Amino acid sequence: MSEEKNLNFLEEIVAADLEAGKYTSILTRFPPEPNGYLHIGHSKSICLNFGLAAKYGGTTNLRFDDTNPVTEDTEYVESIKEDICWLGFNWAQELYASDYFDTLYEYAVQLINKRLAYVDDSRSDEIAALKGTPTEAGKDSIYRSRSVAENLQLFTDMKAGKFKDGEKVLRAKIDMAANNMLMRDPIIYRIKHAHHHRTGNKWCIYPMYDFAHGQSDSIEQITHSVCTLEFIPHRELYDWFITKLEIFPSHQYEFARLNMTYTVMSKRKLLQLVNDGHVNGWDDPRMPTISGFRRKGYTAESIRTFCEKIGVAKRENFIDLSLLEFCLREDLNKIAKRVMAVLDPVKLIITNYEDGKTESLVSENGPEEHMGTRTLTFSKELWIEREDFMEVPAKKWFRLAPGALVRLKSAFIVKCESFSKDEQGNINEIHCTYIPESRSYNDTSGISVKGTIHWVNAATAVEAEIRLYERLFMVENPAGEEAELRDLINPASLEIIRKAYLEPSVATATTAERYQFIRKGYFCLDKESTQTKLIFNRTVTLKDAWSKEMKK
RNA sequence: UGGGUUAUGGUGUAAAGGCAGCACAACAGAUUUUGAUUCUGUUUGUCUAGGUUCGAAUCCUAGUAACCCAACCA
């Protein structure tokens, strides 16, 4: 087939390795640290790692990189697993770097025996000082020449808990003059008397990332270990450990992480938003976390499509949020059930409609035939959207205005005859006459109107709270600003409408369903919704050509 | 000032010496009982300067810019 072409660079590598017979099948891994919730940037990595394996007939392990007990927690483990499943991926094995602590310890002992590691008593700041700078070579620690026997004894004592945190570290003995700072005798084990979420109090020494990640890959026989660009300098060390330990040669490849407009992607900043109360938790719909997007009503399908469209390369990128929203709308347009909801209501009274009379009207649930129809109740008093009426119509306005005709969706054409205002001067009632012959799908009136607006029957309307979300940040690139994060937050990121009117069919909504409130956007039920109080989140607005027209 | 990585429209991403393509965005129009969807069209690009070649985004030389590296984080 001709789609052989257009592979991303990682697919090319995998295809070439398979072609050359280097591997008979491939194994990738997704290696999160359980110290925070997954965000949209992780989606790219998840889709990439799982997608790569799936495309070439391999499998993917989920491995938690849990080497730092002070920041990690099972709460994060659970949320990460849930998010990956929700995205639609299945891992071959659920593994933990902590599963390998015994092996890793043995590897460290091997290095000591090969005179390739030593225990250093220096303080943290002393080690940093001797490390030099990128342009200046480092200097050897005075502990660098300890004997194998002494190192072995000290490392055993470290493990046995004979020292306090920070008193000693185990370092690889490589080259203090290396251009690559990571090769200047990196620390591979440090003392932390801390409870680990899986190994409990068994250990008081923990391996550093560089001494755990590559070896974990090797133990699992990962063929292609894919990570982000900032780990490029680590690759030399990654390979060094594999070579010196003479273990299975996994290989590391790096791609550019996802950056997106109007969002922050660092776990530190996301944690800060949560801890400082700028949002209501990790799954706040304004968060770029997978759980936040899920709660807001995004579909897994749309996120997968997005990750497909953004591509994979090694150059820094800054993806426009509108691409994600495009993927979302594309999916929602296909699956969302159309209903009517009035978010900012104003009363519309049909003066020539009989008091107390009601009639049933059939409306389609969506553009696709298979979505079916439902029945709406029509009567003399309706709610319509306040913004669909203009006392003094703008140019090109084709909604309601004094004397203007408009169609009520799936119902009748009405003509505005008059309106009234309250003491504050706000319009509180619009009076119309309707044209009985203009009944939808059976219109014999011969009148055609340019505008169609949505409405809800006042007597049978259901009340609901609606949460309207806007982007969390006011600036395109919050991470690139000097200002504090909190000063960049959009004060209008959440607007709560306490009382909106929905057509009664929505009263039985579930969080699994997706709705389009006609002309207002896509919405879904929030998890905080109850039987007595319906709460809906706006997932995304519809594209709005009129608001653009207005800005001109 | 050391080392590493990357440069293609506004944003992404293809083109492996042979017509710079695709998507989003923007803009214009058609259709529309959602100012949605759908459809049609338009604008905008090979970091710079030299060189090789019939022909260069691609090869060579020299520059320039951006990002990463000096946590007992990952």
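Source: prediction; values computed, not measured. Naming: A, B, ... by sequence-line order, numbering from 1 per chain.
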Asks: More than 12 non-hydrogen atoms from neighbouring residues, nucleotides or ligands closer than 6.0 Å to CD on A:Glu359, yes or no?
Replies: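 For A:Glu359, atom CD is crowded (more than 12 foreign heavy atoms under 6.0 Å).
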Asks: With a cut-off of less than 4.0 Å, is there a side-chain N or O of A:Thr71 near OP1 or OP2 of B:A74?
Replies: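 The answer is no; no side-chain N or O of A:Thr71 sits under 4.0 Å from OP1 or OP2.
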Asks: Please identify which of these residues, A:Val506, A:Leu343, A:Leu502, A:Val540, meets the side chain to side chain contact (heavy atoms under 4.5 Å, CB included) condition with A:Phe523.
Replies: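 It is A:Leu343, the one option of A:Val506, A:Leu343, A:Leu502, A:Val540 that forms the side chain to side chain contact (heavy atoms under 4.5 Å, CB included) with A:Phe523.
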Asks: Does B:A36 have OP1 or OP2 sitting under 4.0 Å from an N or O in the side chain of A:Arg338?
Replies: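 The answer is no; no side-chain N or O of A:Arg338 sits under 4.0 Å from OP1 or OP2.
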Asks: Measure distances between side-chain N and O atoms of A:Arg399 and base N and O atoms of B:G35, and say whether any donor-acceptor pair falls under 3.5 Å.
Replies: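 Yes, the side chain and the base share a sub-3.5 Å donor-acceptor pair.
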Asks: How does RNA chain B look in dot-bracket notation if pairs are Watson-Crick or G-U with both distances under 3.5 Å, crossing ones as [ ], other-strand ones as |?
Replies: .((((((..((((....[..)))).(((((.......)))))....(((((..]....))))))))))).....
Asks: Does B:G35 have OP1 or OP2 sitting under 4.0 Å from an N or O in the side chain of A:Lys396?
Replies: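 Checking A:Lys396 against B:G35: no side-chain N or O falls below 4.0 Å of OP1 or OP2.
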Asks: Both conditions, 6.0 Å and 45 degrees, for the charged tip of A:Arg146 above the ring of A:Tyr118: are they met here?
Replies: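 No; the conditions do not both hold, so A:Arg146 does not lie above the ring face of A:Tyr118.
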Asks: Quick check on RNA chain B: between A:Lys450 and A:Asn317, whose nearest nucleotide comes earlier from the 5' end?
Replies: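 Closest to the 5' end, via its nearest nucleotide, is A:Asn317.
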Asks: By a strict heavy-atom criterion of less than 4.0 Å, which residues belonging to residues 179-199 of chain A are in contact with RNA chain B?
Replies: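 Within this stretch, A:Asn179, A:Met181, A:Ile187, A:Arg190, A:Lys192 sit under 4.0 Å of the strand.
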Asks: For A:Glu316 and B:C69, what is the distance between atoms CD and P respectively, to the nearest whole Å?
Replies: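 Interatomic distance, CD of A:Glu316 to P of B:C69: 11 Å.
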Asks: Counting only side-chain heavy atoms from C-beta out, which of B:A15, B:G35, B:U11 sits nearest to A:Asn6?
Replies: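 From the listed options, B:A15 comes nearest.
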Asks: Output the single nucleotide from B:A36, B:C69, B:A74 whose closest atom is nearest the side chain of A:Pro233.
Replies: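 Of the candidates, B:C69 comes closest.
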Asks: So, is A:Thr135 close to the B:G2 phosphate, meaning a side-chain N or O under 4.0 Å from OP1 or OP2?
Replies: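 Looking at the OP1 and OP2 atoms of B:G2, neither is under 4.0 Å from any side-chain N or O of A:Thr135.
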Asks: Checking A:Lys131 now: which residues fulfil side chain to side chain donor-acceptor pair (under 3.5 Å) with it, not counting sequence neighbours?
Replies: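 Scan of A:Lys131 (side chain to side chain donor-acceptor pair (under 3.5 Å), adjacent residues dropped) gives none.
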Asks: Once you round it to whole Å, what is the distance between P of B:A14 and NZ of A:Lys314?
Replies: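 Checked: the NZ to P distance equals 13 Å.
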Asks: Taking B:G29 as the reference, what is the distance to B:A65 when you measure between their C1' atoms (whole Å, please)?
Replies: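 Result for the C1' pair: 41 Å, nearest Å.
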Asks: For B:C19 versus B:A56, give the span between their P atoms, rounded off to a whole number of Å.
Replies: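 B:C19 and B:A56 have their P atoms separated by 12 Å.
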Asks: Taking atom CG of A:Leu170 and atom CG of A:Leu111, what is their separation to the nearest 0.5 Å?
Replies: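 So the gap between those two atoms works out to 7.5 Å.
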Asks: What integer distance in Å separates A:Lys543:NZ from B:U34:P?
Replies: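 Spelled out: NZ on A:Lys543 to P on B:U34 is 16 Å.
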Asks: Is it the case that atom NZ in A:Lys415 sees more than 12 heavy atoms from other parts of the structure closer than 6.0 Å?
Replies: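 For A:Lys415, atom NZ is not crowded (no more than 12 foreign heavy atoms under 6.0 Å).
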Asks: Kindly say whether, by distance alone, the side chain of A:His454 makes a donor-acceptor pair under 3.5 Å with the base of B:A36?
Replies: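 By the distance-only test, no, there is no pair.
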Asks: So does A:Glu308 reach the base of B:A23 with its side chain, donor to acceptor, closer than 3.5 Å?
Replies: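 Checked by distance alone, the answer is no.
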Asks: Indicate whether OP1 or OP2 belonging to B:G12 is found under 4.0 Å from a side-chain N or O atom of A:Arg315.
Replies: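 Indeed not, no polar side-chain atom of A:Arg315 lies that close.
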Asks: Of the options B:U34, B:A25, B:G35, whose atoms approach the side-chain atoms of A:Gln516 most closely?
Replies: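 Taking heavy atoms from C-beta onward, the closest nucleotide is B:U34.
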Asks: When the C1' atoms of B:G63 and B:U53 are compared, how many Å lie between them, rounded to an integer?
Replies: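 One C1' to the other, the span is 23 Å.
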Asks: What integer distance in Å separates A:Glu330:CD from B:A36:P?
Replies: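 So the CD-P distance, A:Glu330 to B:A36, works out to 17 Å.
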Asks: Can you find a donor-acceptor N/O pair under 3.5 angstrom joining the side chain of A:Ser440 to the base of B:U33?
Replies: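 Answer is yes: a donor-acceptor pair is held.
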Asks: Please name the pair of heavy atoms, one in A:Ser360 and one in A:Arg439, separated by the smallest distance, quoted to 0.1 Å.
Replies: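 Here A:Ser360 and A:Arg439 meet closest at O-NH2, 2.9 Å.
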Asks: Base, sugar-phosphate, or nothing for A:Phe398, non-hydrogen atoms under 4.0 angstrom?
Replies: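 Contact class for A:Phe398: base.
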Asks: Rounded to whole Å, how long is the line connecting atom CH2 of A:Trp397 with atom C1' of B:G35?
Replies: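 That distance rounds to 10 Å.
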Asks: Rounded to the Å, how far apart are A:Ile310 CD1 and B:A23 P?
Replies: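 One finds 18 Å between P of B:A23 and CD1 of A:Ile310, rounded.
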Asks: Under 6.0 Å between the ring centres of A:Phe517 and A:Phe536?
Replies: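 Under 6.0 Å, so yes.
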Asks: Between A:Ile319 and A:Thr452, just flag the one whose closest nucleotide in RNA chain B comes earlier from the 5' side.
Replies: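 Taking each residue's closest nucleotide, the earlier one in sequence belongs to A:Ile319.
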Asks: Can a cation-pi geometry be assigned to A:Lys192 and A:Tyr206, taking NZ or CZ under 6.0 Å from the six-membered ring centre and within 45° of the ring axis?
Replies: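 Judged by the rule, A:Lys192 and A:Tyr206 form no cation-pi pair.
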Asks: Using whole Å, report how far CG of A:Leu323 lies from C1' of B:G10.
Replies: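 Going from CG in A:Leu323 over to C1' in B:G10 covers 14 Å.
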Asks: Please state the P separation for the pair B:A20 and B:U32 - nearest whole angstrom.
Replies: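 That atom pair is separated by 39 Å.
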Asks: Residues of residues 160-170 of chain A with any non-hydrogen atom less than 4.0 angstrom from an atom of RNA chain B: list those, numerically ordered, please.
Replies: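 When residues 160-170 of chain A is checked for heavy atoms under 4.0 Å from RNA chain B, the hits, listed by number, are A:Gly166, A:Val169.
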Asks: Determine the interatomic distance between C1' on B:C22 and the same-named atom on B:C72; round to the nearest Å.
Replies: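 Per the computed distance, 49 Å lies between those C1' atoms.
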Asks: Any stacking of A:Trp546 on B:G35, going by centres under 5.5 angstrom and planes within less than 30 degrees?
Replies: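 Stacked: centres under 5.5 Å apart, planes under 30°.
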Asks: Round to the nearest Å and state the distance from A:Tyr522 atom OH to B:U34 atom P.
Replies: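 From A:Tyr522 OH to B:U34 P: 13 Å.
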Asks: Can you tell me how far C1' in B:A16 sits from the matching atom in B:A57, rounded to whole Å?
Replies: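 Each nucleotide's C1' atom is 12 Å from the other's.
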Asks: To the side chain of A:Glu33, which of B:A74, B:A36, B:C24 is closest?
Replies: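 Comparing B:A74, B:A36, B:C24 against the side chain of A:Glu33, the answer is B:A74.
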Asks: Among all residues two or more places apart in sequence or in another chain, which pass the salt bridge (charged side-chain N to carboxylate O under 4.0 Å, His left out) test with A:Glu75?
Replies: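 None.
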Asks: Can you confirm if the aromatic rings of A:Phe155 and A:Tyr105 lie within a centre distance of less than 6.0 Å?
Replies: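 Here the rings of A:Phe155 and A:Tyr105 have centres that are less than 6.0 Å from each other.
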Asks: Between B:G35, B:A74, B:A15, which nucleotide gets closest to the side-chain atoms of A:Asn68?
Replies: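 Nearest listed nucleotide: B:A74.
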Asks: Any stacking of A:Phe326 on B:C24, going by centres under 5.5 angstrom and planes within less than 30 degrees?
Replies: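 According to the criterion (under 5.5 Å, under 30°), no, A:Phe326 does not stack.
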Asks: Side-chain N or O of A:Lys548 less than 4.0 angstrom from OP1 or OP2 on B:C27?
Replies: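 For A:Lys548, the contact criterion (side-chain N or O under 4.0 Å from OP1 or OP2 of B:C27) is met.
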Asks: Hey, do the aromatic rings of A:Tyr209 and A:Phe231 have their centres closer than 6.0 Å?
Replies: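 Centroid separation for A:Tyr209 and A:Phe231: below 6.0 Å.
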Asks: To the side chain of A:Asn333, which of B:A70, B:G4, B:U37 is closest?
Replies: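 From the listed options, B:U37 comes nearest.
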Asks: A:Ile40 and side chain to side chain contact (heavy atoms under 4.5 Å, CB included): which single residue from A:Leu321, A:Ile303, A:Ile290 fits?
Replies: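 Running side chain to side chain contact (heavy atoms under 4.5 Å, CB included) over A:Leu321, A:Ile303, A:Ile290 with A:Ile40 returns exactly one hit, A:Ile303.
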Asks: Check whether NZ of the Lys or CZ of the Arg A:Lys314 lies under 6.0 Å from the centre of the six-membered ring of A:Phe255 and within 45 degrees of that ring's axis.
Replies: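 The answer is no; the distance or angle limit is not met.
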Asks: Checking A:Ser410 now: which residues fulfil side chain to side chain donor-acceptor pair (under 3.5 Å) with it, not counting sequence neighbours?
Replies: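 Side chain to side chain donor-acceptor pair (under 3.5 Å) list for A:Ser410, sorted by chain: A:Ser363.
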